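Note that the coordinates shown come from a computational prediction; the quantities given were computed from them, not determined experimentally. Whatever order the structure lists them in is the order used to number ligands and atoms, beginning at 1.
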Amino acid sequence: MQEGADIAREARKLPKADRLLAVAERAGHAGRLGRGPVLEAVRATLEALRQGIRAGGVCPSEPEIEALLLRRLSAEARGSLRRTVNATGVVLHTNLGRAPLSEAAIEAMREAAGGYSNLELDLASGERGDRYGHAAGALRRLTGAEGALVVNNCASAVLLALSALSEQRPRHAGRTPAPLPPAARPEVIVSRGQLVEIGGGFRIPEVLARSGAELREVGTTNRTYLADFERALSDRTRLFLSVHRSNFRLAGFVADVGLEELVGLSRRAGVFVVDDLGSGALLDTARFGLPAEPTVPERVRAGADLVAFSGDKLLGGPQAGLLVGSGEAVELCRRHPLLRAVRVDKVTLAGLSATLAHYERGEAPQAIPVWRAIAAEAGELRERARAWLSSLGAEGAGAEVREGRSAVGGGTLPEVTLPTFVLALPAGDAEAQAAALRGAEAPVLGRIEDGRVLLDPRTVLPGEDARVVAAVRAALATG
Ligand SMILES: *Cc1c(COP(=O)(O)O)cnc(C)c1O
């Protein structure tokens, strides 16, 4: 530890902020970034140095300080949100932005972003049009539902559905529940086996609390029967909620209530059924050698009043929340004041519509990157991994191509993997190699298994192979 006098002496050697500012300006950073970010970087650099000195360090030389600042500014100039290569083999990686979009979706989003559009204008009449009508037709055709509504994401779709339907009584055949006593909260019945946390703080009981409804849990963690729902019915019951377990599995001594059974009871009781499906596939995953995920059309056919699912999971489109179901239930959501707070923007709508068009034309497995990645054959993946290895040449000594497993991710099909081939980097400090790959000009994300960094071509988009090879070369050169 230095004495106070030493610390003061070292601190006096620090350059003045104005001098560093001039250095940054001469390097062109003020023009590139603006003065505000440059000023902040100068202050942050000086503060870091002061802390180093207080901790007993000495003041670096002036050229070293300038180099430090310029490195910080170059990183700043690359921006915070950066294009990243996903070589993890997890197709729907939430930390990496989930679904990459199809060419057609990207083009449609460019179009919508770069000009005005008839977002809320009916071109035929010149009158006010309907923002929510743009994707509704395709969603109705593709799911068989009577009505459809697009919002910001699936979490907000669930919140909106619970808020709108728990305040109302359905026009279903059968008994209509008595009006709520004054100040009583409506009740939503959920199986204890489905009170899940999806991740990112989305927990079913908490979302329900925000909707204003009261949660009524029935059954046990592992077994719930229709009779449990039946016994819990009261004059306050407005809704049955079913939640897809997405990211975990219940195995062993288990019993669940099927959606059809739940719908049957809801009709007799005069309450709504909302199905939070999460991933919401429009294609049968069994076609791709995977276990069957429930598809949206199946859930609509089973009679749920509303099915909620994500735009950027297995659908393979932009972040959005989709609600499909009965005309009555969709109309209640459209009229609910919360809709304005979770509404979808024009760029998303354009990308979503272009994505849905791939399904309508029957070309989704070829055109949508998520499905292309899922459908990729192990043989073609081995060829790509081998091509990476041979591009590395002598620099890749010690690297090898080996069998591996990819995953779908995004809270879809937990524990299910797809056979793949990966490039394993040479044995060494795997954490350091992974850090170097992340620090590349085009950052590359891999995964570490048994002390080796593995790069899986399944999730590397066509055209990104050169970036992988360049990042690996740089990482091995420094490591
Ligand atoms: C992923 C998921 C959500 C949240 O979807 P977002 O589009 O991320 O808001 C909600 N419910 C279930 C069952 C999910 O799997």
Which protein N or O atoms sit under 3.5 Å from any N or O of ligand 1? Give atom names and distances.
unit_1: ligand 1; atom_1: 5 (O); unit_2: Ser310; atom_2: OG; d: 3.1
unit_1: ligand 1; atom_1: 7 (O); unit_2: Cys154; atom_2: N; d: 3.0
unit_1: ligand 1; atom_1: 7 (O); unit_2: Ser310; atom_2: OG; d: 2.6
unit_1: ligand 1; atom_1: 8 (O); unit_2: Arg98; atom_2: NH1; d: 3.0
unit_1: ligand 1; atom_1: 8 (O); unit_2: Arg98; atom_2: NH2; d: 2.9
unit_1: ligand 1; atom_1: 9 (O); unit_2: Asn153; atom_2: ND2; d: 3.4
unit_1: ligand 1; atom_1: 9 (O); unit_2: Cys154; atom_2: N; d: 3.2
unit_1: ligand 1; atom_1: 9 (O); unit_2: Ala155; atom_2: N; d: 2.8
unit_1: ligand 1; atom_1: 11 (N); unit_2: Asp276; atom_2: OD1; d: 2.9
unit_1: ligand 1; atom_1: 11 (N); unit_2: Asp276; atom_2: OD2; d: 2.8
unit_1: ligand 1; atom_1: 15 (O); unit_2: Ser246; atom_2: OG; d: 2.5
unit_1: ligand 1; atom_1: 15 (O); unit_2: Lys313; atom_2: NZ; d: 2.8

Side-chain polar contacts of residues 337-346 - donor-acceptor pairs under 3.5 angstrom, sequence neighbours left out - could you list them?
unit_1: Asp345; atom_1: OD1; unit_2: Thr348; atom_2: N; d: 3.2
unit_1: Asp345; atom_1: OD1; unit_2: Thr348; atom_2: OG1; d: 2.7
unit_1: Asp345; atom_1: OD2; unit_2: Val347; atom_2: N; d: 3.3

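- More than 12 heavy atoms of other residues, nucleotides or ligands sit less than 6.0 Å from atom CD of Glu380.
- Between Arg386 and Glu383, at least one side-chain nitrogen of the basic residue sits less than 4.0 Å from a carboxylate oxygen of the acidic one, meeting the salt-bridge criterion.
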Enumerate donor-acceptor pairs with a distance under 3.5 Å from any side-chain N or O in residues 364-372 to protein atoms, sequence neighbours excluded.
unit_1: Trp371; atom_1: NE1; unit_2: Leu314; atom_2: O; d: 3.0
unit_1: Trp371; atom_1: NE1; unit_2: Tyr359; atom_2: OH; d: 2.9
unit_1: Arg372; atom_1: NH1; unit_2: Gln366; atom_2: O; d: 2.9

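- Salt-bridge formation is detected for the pair Glu449/Arg447: a Lys NZ or Arg NE/NH1/NH2 atom is positioned less than 4.0 Å from an Asp or Glu carboxylate oxygen.
- Contacts of Asp465 classified as side chain to side chain contact (heavy atoms under 4.5 Å, CB included), with partners at least two apart in sequence or in another chain: Arg384, Trp388.
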